[in-house]
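Structure first, commentary second.
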Amino acid sequence: MGQRRRKRKKQGFFSKLVLALYVIAGTALLVSYLSPYVNPSGFWPIAFFGLAYPYLVIVSFLFFIWWLVRGSRLCWIPLIVLLAGLPFHRQHFGFRFPSNKPVPDTALKVMSYNSHSFSRYGKNFSERIKSGMLRVIREADPDIIAIQEFYTRPEGSFDIRDSLMDILNTKHHYIEVIEKNDFETRGLAIFSRYPIEKQEAVHFKGNKSYNSCVYADITVRGKTIRVFNLHLQSISFQPEDYRYLSKVRDNLEPDMRSSRRIGGRLKRAFMERAGQAETVAQLIRESPYPVIICGDFNDTPMSYAYQTIRREGLQSAFSKKGSGYSITYAGAFPNYQIDHILCDKNSFDVLNYEIMKEKLSDHYPISATLNLK
């Protein structure tokens, strides 16, 4: 009798402990739902909840399964919390099968790629990798491609400008030069099979930086559209940060000093991107033409920066036609969806979306097939 009573007490304590743990995890997930609407410049901690969102979803789902299998009515708690975030889940998880519908001749294929300077620098320098990137672009066969961290030389195998003009069979392109000397050019670029009528750059810090915004007005079959190429604020991790992240990933050995340093970099980047996104949102509002936004946002759909831009009447190509869990970053930091293609929902139908999972850059290229109404 006494043993049964002690056993019930132990089970009661364990059940209460599990419930208490979920209260913490569930509350954190609910807070993450607020992160797209709270400017991190005013309250930066909430941006970290948005970054933790995918892991918090998994935790809530596991709690739901745990209580469901045990036949506990508590399973309704994580289920309700998960259902409350359904609009956000659709921006991260796609449950769609590839469409076999024929693509109309009037469709427009748009591609976005952070090329990491086409592997020209660093320990991963490789002629093979550069050729692989050009092959991926050739196979994707885009009508318009926006490239962040663009690199070219005036001649030779790294004359990327001429290579892309040959691949797309076009002369229409816009390169915003950030750095240039007699041997090489670096910046942001837009290449198009359709004529570029106007082009402009907006440098967020008032001086030229790789984290900038450019746009081109492009005439497509008699209609003008404005295509933006964004590269929002980078986290600017240093080699010691990547070494620490690899150490934590492989051996689970965190240390407070390195963690604080990385946390500080993330905090500054969250705040910088918030202001940059507001600048881009204003440019979208002022555009006289339907817009397409391509780029490396360096932020997920659970961020203030992303949602600030998307709120300008735009739809996400992934949300409309993507499938699986979207990961576009392939570097050392935990992998997220930080590259995006958005378009005016009143002017475009999204017909297709693809992430090309070839690890050549530290980002995967993405593409969307759009029908201009």
Side-chain angles (χ1 to χ4, degrees), residues 18-66 77-94 232-237 241-242 244-250 252-274 277 296-308 310 316 318-319 324-340:
V18 171
L19 179 59
L21 290 173
Y22 184 68
V23 168
I24 296 171
T27 301
L29 181 56
L30 289 171
V31 172
S32 78
Y33 296 160
L34 300 175
S35 61
Y37 306 103
V38 179
N39 191 328
S41 297
F43 184 65
W44 58 263
I46 200 166
F48 287 90
F49 285 89
L51 199 62
Y53 158 83
Y55 306 102
L56 295 171
V57 168
I58 293 171
V59 168
S60 278
F61 183 74
L62 291 176
F63 272 99
F64 166 70
I65 295 297
W66 168 262
I77 299 175
L79 180 60
I80 291 170
V81 171
L82 287 168
L83 289 175
L86 195 57
F88 299 114
H89 307 331
R90 289 173 176 166
Q91 296 178 41
H92 291 80
F93 306 94
L232 300 187
Q233 184 63 43
S234 304
I235 301 171
S236 300
F237 281 150
D241 298 318
Y242 288 113
Y244 171 65
L245 289 169
S246 297
K247 180 180 176 183
V248 171
R249 182 187 59 205
D250 297 337
L252 297 177
E253 296 181 6
D255 70 76
M256 290 305 298
R257 182 179 178 183
S258 297
S259 296
R260 283 196 298 269
R261 183 181 67 243
I262 287 177
R265 294 193 194 283
L266 287 168
K267 171 187 170 183
R268 288 189 293 273
F270 286 137
M271 296 170 72
E272 288 279 355
R273 286 194 292 269
D296 174 7
F297 287 36
N298 272 307
D299 240 331
T300 75
M302 293 303 291
S303 67
Y304 177 82
Y306 174 90
Q307 293 295 343
T308 295
R310 190 183 176 190
S316 161
F318 172 80
S319 294
Y325 175 59
S326 177
I327 293 175
T328 67
Y329 180 67
F333 192 67
N335 296 347
Y336 290 98
Q337 178 190 178
I338 62 174
D339 302 87
H340 307 281

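Just so you know, these numbers come straight off a predicted model, no measurement behind them. Worth knowing before you read on, the calculation uses all heavy atoms, side chains too, and leaves out hydrogens, waters and symmetry mates.
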Legend entry - Main-chain N/O of Ala277 paired with Tyr304 side-chain donor or acceptor, under 3.5 Å: no
Legend entry - Residue pairs fulfilling salt bridge (Lys or Arg N to Asp or Glu O under 4.0 Å) with at least one residue in residues 31-40, sequence neighbours excluded: none
Review item, side-chain donor-acceptor pairs of residues 83-90, under 3.5 Å, at least two apart:
{"unit_1": "His89", "atom_1": "ND1", "unit_2": "Tyr53", "atom_2": "OH", "d": "2.6"}
{"unit_1": "His89", "atom_1": "ND1", "unit_2": "Gly85", "atom_2": "O", "d": "3.3"}
{"unit_1": "His89", "atom_1": "NE2", "unit_2": "Leu82", "atom_2": "O", "d": "2.7"}
{"unit_1": "His89", "atom_1": "NE2", "unit_2": "Gly85", "atom_2": "O", "d": "3.4"}

Legend entry - Gln233 side chain vs Arg268 backbone, donor-acceptor pair below 3.5 Å: no
Legend entry - Derivation and outcome, side-chain contact (heavy atoms from CB on, under 4.5 Å), residues Phe49 and Leu34: CA-CA 9 Å; Phe49 285 89; Leu34 300 175; over 6 Å; no
Legend entry - Backbone N/O of Thr300 and side chain of Ser303: donor-acceptor pair under 3.5 Å: yes
Legend entry - Identified side chain to side chain contact (heavy atoms under 4.5 Å, CB included) counterpart of Leu56 within the set Val81, Leu29, Val31, Leu30: Leu29
Legend entry - Over all atoms of both residues, closest heavy-atom pair of Ser41 and Ala274: OG-CB, 4.2 Å
Legend entry - With sequence neighbours excluded, residues passing side chain to side chain contact (heavy atoms under 4.5 Å, CB included) with Ala47: Pro40, Phe270
Inset, instruction - Show the numbers, then the answer: is there a side-chain contact (heavy atoms from CB on, under 4.5 Å) between Ile77 and Phe63? - result: CA-CA 9 Å; Ile77 299 175; Phe63 272 99; over 6 Å; no
Inset, instruction - Please work out which of the three classes, parallel, tilted or perpendicular, describes the rings of Phe297 and His340, given edges at 30° and 60°. - result: perpendicular
Legend entry - Chi angles and distances behind the side-chain contact (heavy atoms from CB on, under 4.5 Å) call for Leu232, Asp299: CA-CA 8 Å; Leu232 300 187; Asp299 240 331; 5.9 Å; no
Inset, instruction - Working to the nearest 0.5 Å, report the span between CD1 of Ile338 and CG of Asn298. - result: 4.5 Å
Inset, instruction - Give, for atom CG of Asp339 and atom CZ of Phe318, the distance between the pair rounded to the nearest 0.5 Å. - result: 13.0 Å
Legend entry - Test log, rule side-chain contact (heavy atoms from CB on, under 4.5 Å), inputs His92 and Met302: CA-CA 9 Å; His92 291 80; Met302 293 303 291; 3.3 Å; yes
Inset, instruction - Taking all heavy atoms of Ser319 and all of Ser316, pick out the closest pair and write down the distance. - result: N-OG, 3.1 Å
Legend entry - Whether over 12 other heavy atoms sit under 6.0 Å from Tyr325 OH: yes
Inset, instruction - State, with a plain yes or no, whether a side-chain heavy atom of Ser60 is found less than 4.5 Å away from one of Tyr22. - result: yes
